[in-house]
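Bear in mind the structure is a predicted one, so any value in this text is a computation, not a measurement. Read the numbers this way: they start at 1 and go in the same order the structure lists the ligands and their atoms.
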Amino acid sequence: MFSFLNKDQQTGEVAEAQLDEDNIPAHIAIIMDGNGRWAQQRHLPRVAGHKQGMNTVKTVAKAASQLGVKVLTLYAFSTENWKRPTAEVNYLMKLPVDFFGTFVPDLVKNNIRVRVMGYTEALPQATRTAVANAIADTKDCTGMVLNFALNYGGRAEIATAMQTLGQQVQAGTLKPADIDEDHITQQLMTASLGDLQDPDLLIRTSGEERLSNFMLWQVAYSEFVFMQVHWPDFDQTTLEQAIYQYQQRHRRFGGLTK
Ligand code: FPP
């Protein structure tokens, strides 16, 4: 059992609670929202929120790993985020360079392996190099997988998977009638995560309650936890609060109560 300070979602009351260490979600996915609002509230430029958000990634990656999470997927940049002002996009592209430039030794110390999913070929060269180096430097780590979604979009991912299956049909190696869920799953950017590819818990910070094109296929049976906290203020305690909410749910996967 892990003790932590739980904040009641209805009353806001804070009290000591305990996490069941045998029911830690194996895969947690997070939509890290609210960096801009966090900065605005402090009369800072939006990018100051992203910088603080990057520091939160460091804290949360370590906390999740220590709690026994196996995969932590973070939505860092979507295929739609290119629509933001160029200066902000450039800043967001530089963040992985700063993050991996300073944090890889700590990741290795914590046995955390870096993985990236998304259309990385469209990222600037410096970002791609930083990502490739981080993946190479952590390749022997056997603990938690820290999976960054970078230039990722759920619909684009499914469209790409369909193109591949279409090519197999055209080549005569796959019959349309044989296409099942497993074929699609195998073509998604999460395929190499094996049994861990579907998030057990999806967290979105900052009060918004939508998916924003994130892991549309994989979250079919995920538990969703929406939190008011802006991402830069997220920390070990708020992570534990989200896991606590997850532990109060009864997952039935379309069946009846266990
Ligand atoms: C959403 O907040 C956040 C993003 C689009 C960027 C998320 C990126 C990070 C937290 C840093 C990632 C770090 C690494 C290492 C890659 P928003 O800007 O949409 O906030 P708002 O809704 O309040 O405007």
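For D195, the CG atom sits in a loose shell: 12 or fewer heavy atoms of surrounding residues, nucleotides or ligands are nearer than 6.0 Å.
A heavy-atom distance below 4.5 Å is found between the side chains of L193 and H27. Considering only heavy atoms from C-beta on, L107 comes within 4.5 Å of V114 through its side chain.
Nearest protein heavy-atom contact of atom 6 (C) of ligand 1 is A76 O, 3.5 Å. At the shortest separation from atom 11 (C) of ligand 1 among protein heavy atoms lies L95 CD1, 3.6 Å. Summary of contacts: the protein heavy atom closest to atom 3 (C) of ligand 1 is M32 O, 3.1 Å. When only non-hydrogen protein atoms are considered, atom 14 (C) of ligand 1 lies nearest to F148 CE2, 4.1 Å.
Looking at W231 against ligand 1, only its side chain comes within 4.0 Å, counting heavy atoms. Residue contacts with ligand 1, taken as heavy atom pairs separated by less than 4.0 Å, do not involve T56 at all.
Ring centers of Y119 and Y152: at least 6.0 Å apart, outside the cut-off. Remark: aromatic rings of F148 and F99 are close, center separation under 6.0 Å.
Annotation: M54 places no N or O atom under 3.5 Å from an N or O atom of ligand 1; distance criterion only. In terms of polar-atom proximity, D33 is counted as a contact of ligand 1, with an N or O under 3.5 Å from an N or O of the ligand. The shortest N/O to N/O separation between N35 and ligand 1 falls below 3.5 Å.
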Quick one, E208 with R37, criterion salt bridge (charged side-chain N to carboxylate O under 4.0 Å, His left out). Give me CA distance, side-chain angles, the key distance, then yes/no.
CA-CA 12 Å; E208 309 293 349; R37 277 163 283 172; 3.0 Å; yes

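Ligand 1 has G34 within reach: a non-hydrogen atom of the residue lies less than 4.0 Å from it.
Below 4.0 Å from some heavy atom of G36 lie the following atoms of ligand 1, by number and element: 17 (P), 18 (O), 20 (O), 21 (P), 23 (O), 24 (O). Atom numbering of ligand 1 starts at 1 in the shown order; those under 4.0 Å from a heavy atom of L92 are 6 (C). Near F99, meaning under 4.0 Å from one of its heavy atoms, ligand 1 places the atoms 15 (C).
Under a hydrophobic clustering in which Ile, Leu, Val, Met, Phe, Trp and Tyr are joined whenever their side-chain heavy atoms come within less than 4.5 Å, directly or via other members, W38 and L74 fall into different clusters. With hydrophobic clusters built from ILVMFWY side chains whose heavy atoms lie under 4.5 angstrom apart, Y244 does not share a cluster with F226.
If you check each of R46, R84, R37 against atom 19 (O) of ligand 1, the one with the closest non-hydrogen atom is R84.
Within the 3.5 Å criterion, the main-chain N or O of R113 finds no donor-acceptor partner in the side chain of T138.
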